[in-house]
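Quick notes on the structure that follows.
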Amino acid sequence: MSAFLEYLGSYWDFLTQRGPNGELTFDVLGAFWVNIQLTFWSGLLALLIGVVVVAMRISPIASLRITATAYTNIFRDIPLTAVILMMWLVVWTQLGVTFGGKMITDFFILAVVGLGLYHGSFMAEALRSGVNTVPLGQAEAARAIGLTFMQSARMIVLPQAFRGAVAPIGNTLIALIKNTTVASVGGVSIETSSVMSGMIEFGPQFIFLVFLTFALGYVVIVIPVGMLSTHLSHKLAVKR
Amino acid sequence: MSENNVPDTGEVAVALYDVQKWFGDLHVLKDINLSVKRGEVMVVIGPSGSGKSTLCRAINRLEPIDSGRIELGGVPLPAEGKELALLRAEVGMVFQSFNLFAHKTILDNVTLGPIKVRKFAPSVAREEGLALLERVGIRNQADKLPAQLSGGQQQRAAIARALAMHPKLMLFDEPTSALDPEMINEVLDVMTDLAQSGMTMIVVTHEMGFARRVANRVVFMSDGEILEEAKPDEFFTNPVTDRAKEFLAKILQH
Ligand SMILES: Nc1ncnc2c1ncn2[C@@H]1O[C@H](COP(=O)(O)OP(=O)(O)OP(=O)(O)O)[C@@H](O)[C@H]1O
Ligand SMILES: [Mg+2]
């Protein structure tokens with residue numbers, strides 16, 4: 001028993017060790033904060049893309065519908081790792097797209113764009129399942145009182161689609177939270193999976209505890225999101 | 001005005017000239033010529049699939065036609081766009097399945113069009129909306145959601161929503177066929193009042209009592225064609241074509 005406590009104690013020391021300048025060697029909380037920020041910005045981008053794409057998919061203009069369908073299918077079918085690598089190796093290295101700041105800022109922004117583009121296709125599909133809960137007759141009634149397509153989409157179809165798609169949007173968000181760890185292959189070396197790899201490299205005797213630490217961290221983040229999405233999906237459902 | 005007599009203002013509310021409509025290989029409107037005078041109530045009757053809904057939908061261009069011409073108050077229907085949206089606002093449409101906006105209150109359903117399309121001030125739209133709900137007898141349901149109302153109440157709300165746009169013409173596509181029998185009359189009563197107030201109406205319905213009492217004219221459609229056009233009493237007692245006789249025999253059995 002005491003040996004186990006000792007082992008835990010030495011893991012704690014390992015976890016909280018500081019470098020010569022007093023900074024944490026393994027900034028676990030800071031790493032989670034990076035993933036939360038990645039989630040926030042790419043989630044926002046994905047939702048925005050999802051709304052635009054689903055509006056295109058229900059629009060009366062065929063070329064918009066085709067473009068939106070193509071986008072959804074392409075990004076849903078490419079592995080996320082490939083999308084992120086492409087942002088790094090093609091967009092940053094080859095095309096030289098930068099944002100004028102530090103390298104890590106570039107990588108962060110490019111990872112957000114990659115994550116946003118990838119999950120945007122899932123958000124679009126989630127919203128489309130929401131659109132399917134809105135009876136076609138309501139869009140017709142909207143047209144019949146003289147609302148334009150944009151007005152009808154904005155005021156009648158999409159608000160109900162959102163409320164009918166809370167659960168799948170929540171699922172996409174949960175997948176996104178965990179998928180932000182893929183940003184490590186895009187050069188965002190300060191996020192959780194990178195820090196985790198570092199810890200395993202320098203403290204292989206703690207490998208199980210290191211895994212446990214990060215797993216618990218994600219569980220703590222994901223559980224409230226799941227609960228909120230279940231709660232909201234019941235509360236917001238449109239009565240028909 | 002004696003019953004079933006068209007008030008002859010001479011003005012044509014809506015006119016169709018040689019209208020053709022195809023769905024792929026299916027010829028759903030065959031050479032339709034029709035004109036409805038202002039203040040007239042026309043009942044359209046006919047077997048399932050004869051093109052009655054398509055006719056209504058063509059009149060406010062929810063469905064484009066393949067050839068021919070449709071004029072509202074002497075003005076041809078514009079193509080898609082803002083102009084068309086405005087013109088649609090002049091034609092009220094009431095659907096079989098009500099189609100109220102499920103996430104909005106009854107009052108918001110009624111005021112949305114006036115505020116967003118007609119650009120009425122919200123306070124004006126609200127006052128008018130409440131008056132219309134009073135007129136159709138559901139003023140006390142104004143703040144409820146559609147799902148909380150009975151079918152008859154929802155359909156009356158849908159009529160109020162259409163009237164709120166100050167339409168020049170009202171189209172009803174089987175407004176009572178989705179209703180439980182005990183609710184049919186409350187909707188027909190509202191429509192009768194509306195007809196008596198001088199509204200021009202095209203009503204697809206199999207309610208013969210309503211047609212006899214309220215309509216100035218009955219049009220019988222079959223397979224996309226207008227086969228008969230007559231005063232209601234004339235049509236119901238003396239149908240000319242075999243298909244109309246057959247059809248009437250069928251609906252009279254029920
Ligand atoms: N969007 C569409 N695409 C293809 N065919 C259609 C479409 N809408 C209607 N039809 C067909 O056109 C024909 C006429 O339909 P319509 O709905 O106008 O008939 P209706 O007289 O209103 O029938 P009901 O009494 O059943 O409502 C039917 O054969 C129908 O199947
Ligand atoms: Mg029909």
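Labels below follow one simple rule: chain letters A, B, ... track the order of the sequence lines, proteins then strands, and each chain is numbered from 1.
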Please evaluate residues R88(B) and I145(A) with respect to the criterion side chain to side chain contact (heavy atoms under 4.5 Å, CB included), reporting the C-alpha separation (whole Å), side-chain torsions for both, the decisive distance (0.1 Å), and the verdict. CA-CA 6 Å; R88(B) 282 205 186 105; I145(A) 57 171; over 6 Å; no
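- Of all heavy-atom pairs between F95(B) and A144(A), the closest is CZ-CB, 4.2 Å.
- Neither the backbone nor the side chain of A162(B) comes within contact range of chain A; no heavy atoms are under 4.5 Å apart.
- Both the backbone and the side chain of A142(A) come within less than 4.5 Å of a heavy atom of chain B.
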Evaluate the side chain to side chain contact (heavy atoms under 4.5 Å, CB included) criterion for residues T148(A) and V117(B): first the C-alpha distance (whole Å), next the side-chain angles of each, then the deciding distance (0.1 Å), finally the verdict. CA-CA 9 Å; T148(A) 61; V117(B) 180; over 6 Å; no
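- Interface residue V91(B): only backbone heavy atoms are found under 4.5 Å from chain A.
- Within 6.0 Å of the CG atom in L136(A), the count of heavy atoms belonging to other residues, nucleotides or ligands does not exceed 12.
- Proximity to chain A is limited to the backbone of L100(B), based on heavy atoms less than 4.5 angstrom apart.
- In this structure, K239(A) and A147(B) approach most closely via the heavy-atom pair O-CB, 3.5 Å.
- R118(B) does not touch chain A: none of its heavy atoms, backbone or side chain, sits under 4.5 Å away.
- Per-residue counts of heavy-atom pairs under 4.5 Å with chain B were compared for P60(A), G137(A), P135(A); the largest is that of G137(A).
- With chain A as partner, the option from L112(B), L62(B), N60(B) having the largest number of non-hydrogen pairs under 4.5 angstrom is L62(B).
- Both the backbone and the side chain of Q138(A) come within contact range of chain B, with heavy atoms under 4.5 Å apart.
- Using a 4.5 Å cut-off between heavy atoms, F101(B) touches chain A through backbone and side chain atoms alike.
- With hydrogens and angles ignored, the 3.5 Å screen pairs a side-chain donor or acceptor of H103(B) with a backbone N or O of M155(A).
- Chain A forms the most heavy-atom pairs under 4.5 Å with one residue out of A102(B), S97(B), A89(B), and that residue is A102(B).
- For the set Q96(B), M93(B), K116(B), K104(B), the entry with the most heavy-atom pairs within less than 4.5 Å of chain A is K116(B).
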Verdict with supporting geometry, V238(A) and L145(B), side chain to side chain contact (heavy atoms under 4.5 Å, CB included): CA-CA 10 Å; V238(A) 179; L145(B) 289 169; over 6 Å; no
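- Counting non-hydrogen atoms of neighbouring residues, nucleotides and ligands closer than 6.0 angstrom, the CD atom of Q37(A) exceeds 12 such neighbours.
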